[in-house]
J.: 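Following this message is one structure expressed as structure tokens.
Naming convention: chains lettered A, B, ... in sequence-line order (proteins, then strands); numbering from 1 in each chain.
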2 protein chains.
Amino acid sequence: MTASRALRGAADVSEANIEKVLRAAEEIGYVTNHLATSLSSQTTNLIGVVVPSMSNVVFAEVLAGISDAIQQSGKQPVFGISNYNAEVEQDIIRDMLSWRPSGMIVTGLEQSEQSRKLLAGAGIPVAQIMDIDGEAIDINVGLSHADAGRDMACALMKLGRSKFAYIGSALNKDVRARKRMEGFRAELEKGGLSLVTSRIDDEFSSLPLGRALTAELLQSGVDVDCIYYSNDDMAAGGLFATMAAGIQVPQRLLLAGFNGLEFLEGLPVRLATARSPRRQIGKEVIRILLEAIKHPLAPEQRRLVFHPEIDLGDSSF
Amino acid sequence: MTASRALRGAADVSEANIEKVLRAAEEIGYVTNHLATSLSSQTTNLIGVVVPSMSNVVFAEVLAGISDAIQQSGKQPVFGISNYNAEVEQDIIRDMLSWRPSGMIVTGLEQSEQSRKLLAGAGIPVAQIMDIDGEAIDINVGLSHADAGRDMACALMKLGRSKFAYIGSALNKDVRARKRMEGFRAELEKGGLSLVTSRIDDEFSSLPLGRALTAELLQSGVDVDCIYYSNDDMAAGGLFATMAAGIQVPQRLLLAGFNGLEFLEGLPVRLATARSPRRQIGKEVIRILLEAIKHPLAPEQRRLVFHPEIDLGDSSF
DNA sequence: GTGAAAGCGCTAACAC
DNA sequence: GTGTTAGCGCTTTCAC
């Protein structure tokens, strides 16, 4: 017992014993057994975090935000990757819960029925991040992707564009990209316009894919003056297709993406985009979750909505 | 006991009881307590994985490779991010070991003395990945970055280039980038050449940084016909700087990076690079680690060396 | 095929 | 300030 107390830095242990214990621990290379600690104390320092992908910089940055924010709290994040697959996600959630984490963070609002049940029944704070277009289980931190699409459509129409195309990918898997697209289209229709054409692939978004789909669209000869992409990677690929085709961006053709990734700043043309607050979402969800672990939160404290800022880049002339 | 056996799918339980137990578990929303399972059975299904960063696509892909490969094994990866900081890394390692994982994977060979001691004393297989230039604790899967630098220098000299510059970043933190640079320089010297100039920033590599450093170098008016970058992101940024300056790549100026990232394929010019086998490293290290968990491995089975293939892209004329 | 006993390595609660 | 007792939720072992 004295050793246990000394190692935890608990009060009421004599200086002499503290030193003795610490030295002995050092000597034998003692490493706490967290399994026993947690089982005994009925509490862990674990926070489960499930994201759909890590190759996508967006989630890498959310995780970085989470890592940073959690640093001083004594909690430890445990990451899981669902590959945009609800069944995989459910398995991961089940597995994480079996480690009795003190909080959970999952991406988006579209979990399986079973996943929602598991999370709701776990008796711990649960946060859903990135998206707010839907009903949350508990804590919800993110932005409206439908609105993001609408806002971009609105801004582009204001710039005088009228012949719109959409280029995206894997919309069946990436729900949030789909919501942006739908918001975009809805707003166009409100303005009396509609998409002239679109290209949607099943693969995941990437720069080469954006380039390929754009090249294809340009070659088809359809007359458009603006392309809205599912995200910045795709839009950057589009830029290179236009360069190869000798088309002036943004003068003759305006390209717009989503996320406001850092690498856009290095491109030859500053494309239009909307900055998603990725690190901030990570930071804030941890802040709220840690509070929720301490004591129950009022409904209004359990919801945080960000409004991504549109950046028209070189297109704002 | 019967319940425990039924839930684990163990043999020797009557059909009737299996069904009864499963139904009851479903009904009350039972979730295994892995803390108790692992404490009791003296074994976990955890594999600790420590990487320096996740914003860097390279590590995101290694982790993806690990995730894929581990899928069917019943093991579960637990990821930690060290931020290129040996002290943070040590804390993470210590923390992970306290959960009694059945194996550990860490990035690079440059752990702190204490970290090495912890890992070596944990009594579990330990794999160090990405780099092989140094002494490994146990399992080692990766490539020689010094050789990668040398090979690229060799290839570029063969193309007739002679006035070399180097542009890199955060070399004090990114040991492997430093090793490539040193290998590169050593090979140049072997060929009777040396770096005409170099630009090295403290920030982490990024496309905008590559662009800025390259623009600066171009403006300085130094005469070079080839730039070797710390990696592809930096090189791509360099490409945009040359485009802005109206310099023909690769004719007048050859740009070379490292990693062979997918997005290079979307760029206006296919830059020179060397493909690092990122997913493969993830896949293979899991294969070896899982074997090592089953039974001790011979020294030659504990080491796997990859030889990155040089791709000169449009520079190979 | 099922159950009883012991124990994994810790901590909570209480006595001294 | 220190030690004792009991127990966290499982699994292992052995008896029946």
J.: With DNA chain C as reference, determine whether A:Leu39 or B:Val13 sits nearer its 5' end, using the nearest nucleotide of each.
T.: B:Val13

J.: In Å, rounded to the nearest 0.5 Å, how long is the span from NZ of B:Lys75 to CG of B:Leu290?
T.: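 Nearest 0.5 Å value for the NZ-CG distance: 7.0 Å.
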
J.: State plainly whether the residues B:Glu284 and B:Arg287 are in salt-bridge range, i.e. N to O under 4.0 Å.
T.: yes

J.: Just to confirm, is there a sub-4.0 Å distance from OP1 or OP2 of D:dT11 to any side-chain nitrogen or oxygen of B:Ser4?
T.: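 Result: yes.
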
J.: Pairing donors with acceptors under 3.5 angstrom, does anything connect the side chains of A:Glu203 and A:Ser169?
T.: no

J.: Which residues within residues 28-37 of chain A lie with some heavy atom under 4.0 Å of an atom in DNA chain C?
T.: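 The answer is A:Tyr30, A:Asn33, A:Ala36, A:Thr37.
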
J.: Once you apply a heavy-atom cut-off of 4.0 Å, does A:Arg8 come out as touching a base, just sugar-phosphate, or nothing?
T.: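 Contact class for A:Arg8: sugar-phosphate only.
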
J.: Measure the CZ-CG distance between A:Arg94 and A:Leu97 for me, rounded to the nearest 0.5 Å.
T.: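 The distance works out to 8.5 Å.
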
J.: Can you tell me how far P of D:dC14 sits from CG of B:Asp12, to the nearest Å?
T.: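 It is 16 Å, rounded to the nearest whole Å.
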
J.: Among B:Arg100, B:Met104, B:Gln76, which residue satisfies the side chain to side chain contact (heavy atoms under 4.5 Å, CB included) criterion with B:Leu46?
T.: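 Testing B:Leu46 for a side chain to side chain contact (heavy atoms under 4.5 Å, CB included) against B:Arg100, B:Met104, B:Gln76 leaves exactly one candidate, B:Gln76.
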
J.: Which listed nucleotide (D:dT2, D:dC8, D:dT11) is nearest to the side chain of B:Ser41?
T.: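 Nearest to the side-chain atoms of B:Ser41, counting from C-beta on, is D:dT11.
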
J.: Below 3.5 Å, does any donor atom in the side chain of A:Ser40 face an acceptor in the base of D:dG7, or the other way round?
T.: yes

J.: Within this structure, what is the CD1-CD1 distance for the pair B:Ile139 and B:Ile288, rounded to the nearest 0.5 Å?
T.: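 Here the interatomic distance stands at 6.5 Å.
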
J.: Could you tell me the separation between the CD atom of B:Gln42 and the C1' atom of D:dT13, rounded to a whole number of Å?
T.: 14 Å

J.: Let's test your reading of the model: under 3.5 Å, does the base of D:dG9 pair with the side chain of A:Arg100 as donor and acceptor?
T.: no

J.: Name the closest nucleotide to the B:Met1 side chain, picking from C:dA5, D:dG1, D:dG9.
T.: C:dA5

